Novice: 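Here it is: the structure, laid out below.
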Amino acid sequence: MKILLAGLLAFYSSLADAGDLFIRDAYIPPLPPVGKVYAAYMIISNKSERARTLVGVRAAAFTMAHVHESKIIDGVASMQSVKALEVPAGKSIAMMPGRIHVMLIKPTVDIAAHDTVILELMFADGEVVSVNAELGKIN
Amino acid sequence: MKSITKQVVRSVVAITFYLLTSPLNAQVQGVELDKPELIPSFTLSDKEGTTFTDHDLKNQWTLLMFGFNSCPDVCPFTLGNLEAAVAETAVRVHPDSVPKVVYISVDPGRDRDVVSDYAKFFHPDFLGVTGEQEQIDVLIKATDSFYRFMPADDNGYYEVQHSSSVSVVGPDGMLRAKLQPPFDPGKTAEFLARQQIKFRRKSIQ
Ligand SMILES: [Cu+2]
């Protein structure tokens, strides 16, 4: 029974459903213990008929969380802050390595592989959607 | 007549298909230098005092990657892809020719004590080193690379912009090619194996 419950929880935790915003496949790739700056990736789908805009992320397990976009310009890799990430009506936005990511700086608690990290995605209309991202997963 | 039309249609379809797919196939994984360049002498090290110098470039293939440990996205992604690319290369080349991956942190201030542990996490054979900024700069210049420290934010976090390409150094200590993102494992391995064949042919001549 316990196992079944855990399985069910795991199933639900991988999907965040907040009406018309669906967040799935949230994960944080593994880092060595000496690594202090992580990245989270996920797919945000907007099933509604109006555009929705991600304006920030909160992560209690980290000192800071920022939405960033990696860019390679003239062979040089850099990151830019994404203040507003629009998810058009009926569309999905995929965060992925080398592109848009949630940068997570310095864990405030001990985190280990297979832990789940709660990320709160804040949208421009005030809606906050929580999603559980698994640490140590490679997509 | 009918069959000719069919054939023409088929060719057109084939050409269109080729045109549509070729930009992806032609995606550059590596660029060979017109003229190989000698890497000058330098000394880098890790916290255990293990040194990495120009002498270590001899008699093996080396992949030099620049980065910094507080790089959340591009660096772990590159190291992960290099691990896969080297594994793919290992099935194509002689065990002695499997390239050694050396991760060089351009951020010794934050990374000096942890750079080797960081690199080893991605593969136990990966070497992670850093050093005096001027020694790092010798390699940066020799590989036509670049890095720049960005201003710190309110929490003290600073980014270090850096070249995304990986330098391929031959067993003669010469810079021979550059690998470029996204470092597709199969294509990168193909490119490296081809570089090695070319190198051997030239050495025999
Ligand atoms: Cu970032």
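Scope of the values below: all heavy atoms of this structure, side chains included, with no hydrogens, waters or symmetry mates. Remember, it's a predicted structure, so these values are computed and weren't measured experimentally. Each chain gets a letter, A, B and so on, in the order its sequence line appears, and its residues count up from 1.
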Novice: If you define the side chain from C-beta out and look only at heavy atoms, does anything of B:Phe77 sit under 4.5 Å from A:Ser70?
Specialist: no

Novice: Check this for me: B:Leu38, atom CG, are more than 12 non-hydrogen atoms of other residues, nucleotides or ligands nearer than 6.0 Å?
Specialist: yes

Novice: Of all the heavy-atom pairs spanning B:Asp73 and A:Arg99, show the shortest one and how long it is.
Specialist: OD2-N, 3.6 Å

Novice: Look at atom CD of B:Glu132 and say whether more than 12 heavy atoms of other residues, nucleotides or ligands are closer to it than 6.0 Å.
Specialist: no

Novice: For a 4.5 angstrom cut-off between non-hydrogen side-chain atoms, does B:Tyr118 reach A:Leu31?
Specialist: yes

Novice: Return the set of residues passing ring pair (Phe, Tyr, Trp, His ring centres under 6.0 Å) with B:Phe199 (not counting sequence neighbours), or none when no residue passes.
Specialist: B:Trp61

Novice: Does a sphere of radius 6.0 Å around CD in A:Glu49 hold more than 12 heavy atoms from other residues, nucleotides or ligands, not counting ones at 6.0 Å or beyond?
Specialist: no

Novice: Contact part of B:Tyr147 toward chain A, heavy-atom cut-off under 4.5 Å: side chain, backbone, both or neither?
Specialist: neither

Novice: Output the distance between atom CE (B:Met150) and atom CE (A:Met79), rounded to the nearest 0.5 Å.
Specialist: 10.0 Å

Novice: Could you check which of A:Gly75, A:Ala40, A:Pro33 has the highest count of heavy-atom pairs closer than 4.5 Å to chain B?
Specialist: A:Gly75

Novice: Could you measure the distance from the CE atom of A:Met103 to the OG atom of B:Ser70? Nearest 0.5 Å is fine.
Specialist: 8.5 Å

Novice: Around A:Asp110, counting heavy atoms of other residues, nucleotides and ligands shown, do more than 12 lie under 6.0 Å from its CG?
Specialist: no

Novice: Could you state the interatomic distance from CD1 (A:Ile72) to NE2 (B:His162), rounded to the nearest 0.5 Å?
Specialist: 8.5 Å

Novice: Of A:Ile105, A:Leu104, A:Val37, which is the lone residue that meets side-chain contact (heavy atoms from CB on, under 4.5 Å) with B:Pro72?
Specialist: A:Val37

Novice: Given a strict heavy-atom distance threshold of 4.5 Å, which part of A:Pro97 is in contact with chain B: side chain, backbone, both, or neither?
Specialist: both

Novice: Within a radius of less than 6.0 Å around CG of A:Asp125, do more than 12 heavy atoms belonging to other residues, nucleotides or ligands occur?
Specialist: yes

Novice: Quick check on A:Lys106: does its NZ atom have over 12 non-hydrogen neighbours (other residues, nucleotides or ligands) under 6.0 Å away?
Specialist: no

Novice: Checking A:Met96 against chain B: side chain, backbone, both or neither under 4.5 Å from a heavy atom?
Specialist: backbone

Novice: How far apart are the closest heavy atoms of B:Glu159 and A:Ala77, and which atoms are they?
Specialist: OE2-O, 4.3 Å

Novice: Does B:Asp144 have more than 12 heavy atoms from other residues, nucleotides or ligands lying within 6.0 Å of its CG?
Specialist: no

Novice: Contact part of B:Tyr157 toward chain A, heavy-atom cut-off under 4.5 Å: side chain, backbone, both or neither?
Specialist: side chain

Novice: Any side-chain heavy atom of B:Phe122 sitting closer than 4.5 Å to one from A:Pro32?
Specialist: yes

Novice: More than 12 heavy atoms of other residues, nucleotides or ligands under 6.0 Å from CD of B:Glu37: yes or no?
Specialist: no

